[in-house]
Asker: 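For reference, the structure I am asking about is given below.
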Amino acid sequence: MVGNSRQVRELMNIVIAIAAVLVSAFNARGFYKAGSFKSKANKETLIGAGMGWVEKTPMGVIRLIAWLEILGAIGSVVAPIGAYLTGFTWSQIIGVLAASGLALTMLVAFIMHAARGEAKYTWKANLSMFAFSVIAAVLQSLVVLPLF
């Protein structure tokens, strides 16, 4: 009976790990696209795309946000896959931290949009990206926590 319980637990870890990577990949796609756009476009293009907040934001801050989104997207997917392929299980925590950082990014984005009176237009996108980031972080942590 003990052997069977261990097999079920291992199978559940595999299922959770696959779900974590799939949710992370879906979430990362959105953040990567948004970050890539912000990293390449000028202020006029960003304003034209409906990002009114960039008008009074220094370009350096916009580029920083862009690169944090890109790095978070890459880290939330590559870290858990890399941990599985290389055996460096300690690197799984990077995926959890990356997904958590993306969730924090969306929380700050919502606060900023609310302060500017734009939340009624952006809350759905903010909430969905926040939710997927939290789900990715939780699923990844379910795989990581038994390691420690």
Side-chain angles (χ1 to χ4, degrees), residues 9-148:
R9 204 170 40 238
E10 288 175 5
L11 180 61
M12 282 303 298
N13 270 350
I14 291 170
V15 169
I16 291 170
I18 291 170
V21 169
L22 291 176
V23 170
S24 295
F26 178 77
N27 189 45
R29 183 177 179 270
F31 276 103
Y32 186 83
K33 285 178 69 174
S36 181
F37 179 62
K38 287 180 198 126
S39 73
K40 296 172 186 169
N42 59 28
K43 275 195 176 190
E44 293 75 30
T45 304
L46 293 170
I47 292 169
M51 297 182 197
W53 60 273
V54 303
E55 190 173 356
K56 295 181 180 176
T57 306
M59 240 6 237
V61 173
I62 296 168
R63 298 293 192 234
L64 175 66
I65 293 167
W67 282 103
L68 289 174
E69 289 175 341
I70 291 168
L71 292 173
I74 292 169
S76 68
V77 175
V78 172
I81 292 173
Y84 175 74
L85 294 177
T86 63
F88 296 139
T89 54
W90 54 266
S91 70
Q92 287 179 319
I93 196 71
I94 294 170
V96 174
L97 294 173
S100 300
L102 293 175
L104 182 61
T105 299
M106 293 317 300
L107 182 63
V108 171
F110 178 78
I111 292 168
M112 189 264 318
H113 288 299
R116 290 181 45 88
E118 302 167 342
K120 61 185 172 189
Y121 307 112
T122 63
W123 73 270
K124 290 179 185 176
N126 289 152
L127 180 63
S128 63
M129 293 181 82
F130 174 78
F132 277 109
S133 298
V134 169
I135 291 167
V138 168
L139 287 174
Q140 288 186 30
S141 68
L142 290 175
V143 177
V144 173
L145 290 178
L147 298 174
F148 293 101

Asker: If you take all heavy atoms of Ser76 and Ala99, which pair is closest and at what distance?
Answerer: CB-N, 4.0 Å
Asker: Please find the pair of heavy atoms, one from Ala73 and one from Tyr32, that lie closest to each other, and give the distance.
Answerer: CB-N, 3.9 Å
Asker: Output all residues satisfying side chain to side chain contact (heavy atoms under 4.5 Å, CB included) with Thr105, sequence neighbours left out; order by chain, then residue number.
Answerer: Glu69
Asker: Just by distance, no angles: are the side chains of Ser128 and Lys124 close enough, under 3.5 Å, to form a donor-acceptor pair?
Answerer: no
Asker: Just verifying a value: how many Å separate Ile81 CD1 and Ser24 OG, rounded to the nearest 0.5 Å?
Answerer: 8.5 Å
Asker: How many angstroms lie between atom CG of Leu107 and atom CG of Leu127, to the nearest 0.5 angstrom?
Answerer: 11.0 Å
Asker: If you take all heavy atoms of Ser39 and Ile70, which pair is closest and at what distance?
Answerer: OG-CD1, 4.2 Å
Asker: Which value, rounded to the nearest 0.5 Å, describes the distance between Leu104 atom CG and Leu68 atom CG?
Answerer: 10.0 Å
Asker: Crowded around Arg29 CZ? As in, over 12 foreign heavy atoms under 6.0 Å?
Answerer: no
Asker: Is any side-chain heavy atom of Phe31 less than 4.5 Å from a side-chain heavy atom of Asn27?
Answerer: yes
Asker: What are the two closest heavy atoms between Ser100 and Ala137, and how far apart are they?
Answerer: OG-CB, 3.6 Å
Asker: Tell me, do Leu102 and Phe130 make a side-chain contact under 4.5 Å, heavy atoms counted?
Answerer: no
Asker: If we ignore hydrogens and angles and just use 3.5 Å, is the side chain of Ser141 paired with the main-chain N or O of Val138 as donor and acceptor?
Answerer: yes
Asker: List the atom of Pro80, the atom of Gly75, and the distance in Å for their closest heavy-atom pair.
Answerer: CD-O, 3.8 Å
Asker: Can you measure from CD (Gln92) to CH2 (Trp90) and round to the nearest 0.5 angstrom?
Answerer: 11.0 Å
Asker: Name every donor-acceptor pair, under 3.5 Å, that has one atom in a side chain of residues 41-50 and the other anywhere in the protein, sequence neighbours excluded.
Answerer:
unit_1 : atom_1 : unit_2 : atom_2 : d
Asn42  : OD1    : Glu44  : N      : 3.3
Asn42  : OD1    : Thr45  : N      : 2.8
Asn42  : OD1    : Thr45  : OG1    : 2.7
Lys43  : NZ     : Val54  : O      : 3.3
Lys43  : NZ     : Thr57  : O      : 2.6

Asker: Would you sort out whether Lys38 and Met51 count as a side chain to side chain contact (heavy atoms under 4.5 Å, CB included), showing the intermediate values?
Answerer: CA-CA 10 Å; Lys38 287 180 198 126; Met51 297 182 197; 4.1 Å; yes
Asker: Atom CE of Met12 and atom CG of Leu142: how far apart are they, to the nearest 0.5 Å?
Answerer: 9.0 Å
Asker: Any idea which heavy atoms bring Val96 and Gln140 closest together, and the distance?
Answerer: N-OE1, 3.1 Å
Asker: For the pair Val21 and Phe26, evaluate side chain to side chain contact (heavy atoms under 4.5 Å, CB included) and give the outcome as yes or no after the intermediate values.
Answerer: CA-CA 9 Å; Val21 169; Phe26 178 77; over 6 Å; no
Asker: Can you tell me how far apart NE2 (His113) and NZ (Lys120) are? Round to the nearest 0.5 Å.
Answerer: 14.0 Å
